[in-house]
Structure formats: structure tokens, C-alpha cells
A.B. asks: 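Have a look at this one.
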Amino acid sequence: MKTCLECSEEIVGRQDKKFCSDSCRNAYNNKINKDSTNFMRNINNKLRKNYRILSELNSEGKSKTTRDKMLTKGFDFEFFTNVMQTKTGNTYYFLYDQGYYPLDNDSYMLVKKEI
Ligand SMILES: [Zn+2]
């Protein structure tokens, strides 16, 4: 016996059906889409916030700041869009075109990528 993925009612008719009705199929798909968009929205918000903070701290295109200043503004070091390793061994973290790399004493150099 096959049951509907949404309401668990028994499905009558074709064996390849997954839902008892169109409304159950729609309800099920909407739920899946909603979960993934909420998850993505949260990450996008964090990326946008990090980007805004870097832009504020680095209006000149290149500047030095501290970890504390970034954290005070709400910067989240877990979120970035890409990582770049330089030949000299520095690791640059980027939020779109705004990047940073660690210096000594919990300082960071903020840089802007030329695009
Ligand atoms: Zn159903």
C-alpha cells in the first residue's frame, strides 16, 4: 500500500504517485522550498552584514583594523564568500570584493579586490 507523503492517506490509482492530491503535492513542495529559503536567507543576511561591516571599516580601499572592532560591529568570522591563498602564505578571506587577512596582535588588514 502506498501512502501520501504529505497526509499519509492511502493513494489509490497509479503506482508512481507520491501524493493523494494536487493540494498535498503543493503543500509538501512549499514546505521544502520554505525550509531551504529560510536557511539561505539567514546565511545571505550574515554575508551581507559582514560585507557592510568591512565596507564601513575599509572605506579607503585598504586599512588596518582589529578583531575587537570587527566583533563589536557584529562581524561573524564563520561567514565569507571565498578564500584566497597568496604565494607568501597569507590567507585572504573575502566577502564579495571586500577582503581581509590576519596580521599580528589580533589585527587585520582590510583590502578591496579590483574588479
Ligand atoms: Zn495527501
Side-chain angles (χ1 to χ4, degrees):
M1 181 183 97
K2 267 200 102 175
T3 54
C4 175
L5 288 179
E6 172 66 14
C7 70
S8 304
E9 286 288 309
E10 188 180 347
I11 299 175
V12 287
R14 290 198 345 252
Q15 272 305 298
D16 58 343
K17 279 171 82 175
K18 291 179 184 151
F19 303 97
C20 69
S21 64
D22 285 347
S23 65
C24 273
R25 189 195 321 108
N26 288 339
Y28 185 85
N29 287 333
N30 284 345
K31 248 186 268 170
I32 289 175
N33 289 337
K34 191 156 180 276
D35 287 343
S36 68
T37 50
N38 278 343
F39 181 67
M40 288 166 74
R41 190 180 307 130
N42 288 340
I43 291 178
N44 287 340
N45 284 341
K46 282 182 187 286
L47 291 173
R48 236 193 315 272
K49 185 172 184 188
N50 276 356
Y51 179 76
R52 206 173 52 231
I53 292 166
L54 289 183
S55 303
E56 279 170 24
L57 292 171
N58 186 27
S59 53
E60 307 286 300
K62 189 163 190 179
S63 39
K64 232 172 114 173
T65 190
T66 63
R67 187 181 178 85
D68 275 352
K69 265 189 209 160
M70 292 163 83
L71 288 175
T72 304
K73 285 183 174 286
F75 195 85
D76 189 333
F77 283 88
E78 273 182 56
F79 293 90
F80 43 85
T81 57
N82 61 306
V83 179
M84 207 180 77
Q85 196 91 35
T86 65
K87 288 190 186 114
T88 51
N90 276 329
T91 305
Y92 284 64
Y93 297 88
F94 277 96
L95 276 301
Y96 309 104
D97 63 333
Q98 293 281 359
Y100 62 92
Y101 62 88
L103 303 167
D104 291 339
N105 304 322
D106 275 344
S107 293
Y108 286 91
M109 184 60 81
L110 307 181
V111 294
K112 197 163 183 212
K113 200 190 270 183
E114 307 290 334
I115 25 176

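Just so you know, ligand 1 is whichever comes first in the structure, and atom 1 is the first atom listed for that ligand.
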A.B. asks: Any idea how Y93 and Y100 line up, ring-wise: parallel (<30°), tilted (30 to 60°), or perpendicular (>60°)?
C.D. replies: parallel
A.B. asks: For the Zn ion (ligand 1), state how many protein N, O or S atoms fall inside a distance shorter than 2.8 Å.
C.D. replies: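 There are 4 of them.
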A.B. asks: Among residues at least two apart in sequence or on other chains, which ones pass side chain to side chain contact (heavy atoms under 4.5 Å, CB included) with N90?
C.D. replies: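 T86, T88, Y92, Y101.
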A.B. asks: Before accepting this row, confirm whether a basic side-chain N of the pair E56/K73 lies closer than 4.0 Å to the acidic partner's carboxylate O.
C.D. replies: yes
A.B. asks: Not counting sequence neighbours, which residues clear ring pair (Phe, Tyr, Trp, His ring centres under 6.0 Å) with Y96? List them please.
C.D. replies: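 Here the qualifying residues are Y51.
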A.B. asks: Quick one: side chain to side chain contact (heavy atoms under 4.5 Å, CB included) partners of S23, sequence neighbours excluded?
C.D. replies: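 Expected list: S21.
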A.B. asks: Within 45° of the six-membered ring axis of F94 and under 6.0 Å from that ring's centre, is NZ or CZ of K113 located there?
C.D. replies: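 So K113 does make the cation-pi contact.
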